[in-house]
Amino acid sequence: MTVALQSGTAAVNWSLTCYTNFANTAFQVQVRIVSGAATTLSTPMRFFFNNANVHQTISGSTALAVQGGSPTIDLVVTRAAGTGSFIVDGQDSLSYTVINLHE
């Protein structure tokens with residue numbers, strides 16, 4: 001998503017539902033803010049899925065420095081362990097809240 005922000009801090013809260021197709025798979029999730037040529041990534045949060053094909057809710061929060069403008073904010077998901085895929089379908093959802101704390 002692209003949002004208009006002032007220079008300062010972006011406090012990002014996110015929540016999503018998802019599943020994997022193989023048990024014992026872990027994913028790490030990071031918030032990414034892209035503003036022009038600058039990219040900022042949050043500290044990774046790791047989530048472990050014990051069961052296959054079971055929808056799970058995962059969520060996180062982070063605070064990142066931002067420059068003023070209209071950056072793009074999204075989530076980066078990387079498999080950290082196991083062989084499963086990160087899957088979302090029509091039964092899943094994603095929500096973000098971004099609070100801009102101006103300097």
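Keep in mind that the numbers below use all heavy atoms, side chains included, and drop hydrogens, waters and symmetry copies.
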Atom pair CD/OG1 of Q67 and T40 - distance to nearest 0.5 Å: 8.5 Å

Interatomic spacing from CG in N24 to CG in N51 - rounded to 0.5 Å: 8.5 Å

From Q28 atom CD to T78 atom OG1, the distance as rounded to the nearest 0.5 Å: 5.0 Å

Trace of the side-chain contact (heavy atoms from CB on, under 4.5 Å) decision for V66 with N100: CA-CA 9 Å; V66 293; N100 187 199; 4.1 Å; yes

Residues clustered with I99, ILVMFWY side-chain links under 4.5 angstrom: L101

Side-chain donor or acceptor of S42 paired with backbone N/O of V31 under 3.5 Å: yes

Any side-chain heavy-atom pair of Y96 and N13 under 4.5 Å: no

Backbone of P71 reached by a side-chain donor or acceptor of S35 within 3.5 Å: no

side-chain contact (heavy atoms from CB on, under 4.5 Å) assessment of T72 paired with I33: CA-CA 6 Å; T72 300; I33 298 178; over 6 Å; no

Least distance between heavy atoms, Q30 atom then P44 atom: CG-CA, 3.5 Å

ILVMFWY cluster, V34 and V77 together (side-chain gap under 4.5 Å): no

Spacing of L75 atom CG and M1 atom CE [to the nearest 0.5 Å]: 8.5 Å

All pairs passing ring-ring contact (aromatic ring centres under 6.0 Å, His included) where residues 48-84 contributes a residue, at least two apart: Y19-H55, F27-F49

Any donor-acceptor pair under 3.5 Å from R79 side chain to F86 backbone: no

S7 versus G68, closest heavy-atom pair with distance: OG-N, 2.9 Å

Non-neighbouring partners of D74 that pass salt bridge (Lys or Arg N to Asp or Glu O under 4.0 Å), sequence neighbours left out: R32

Side chains of S15 and T57 in contact at under 4.5 Å (non-hydrogen atoms): yes

Heavy-atom donor-acceptor pair, S70 side chain to T2 backbone, under 3.5 Å: no

S95 side, atom OG; W14 side, atom CH2 - distance, nearest 0.5 Å: 10.0 Å

Between T17 and D92: side-chain donor-acceptor atoms closer than 3.5 Å: yes

Closest contact, heavy atoms only, G84 versus T25: N-OG1, 3.1 Å

Contact check, side chains of I58 and L16, non-hydrogen atoms, under 4.5 Å: yes

Stepwise side-chain contact (heavy atoms from CB on, under 4.5 Å) check, N21 with N53: CA-CA 5 Å; N21 54 345; N53 302 312; 4.2 Å; yes

V12 and T97, any side-chain heavy atoms less than 4.5 Å apart: no

Atom of S85, atom of T20 and distance for their closest heavy-atom approach: O-OG1, 2.9 Å

Separation between CD1 of I87 and SG of C18, rounded to the nearest 0.5 Å: 9.5 Å

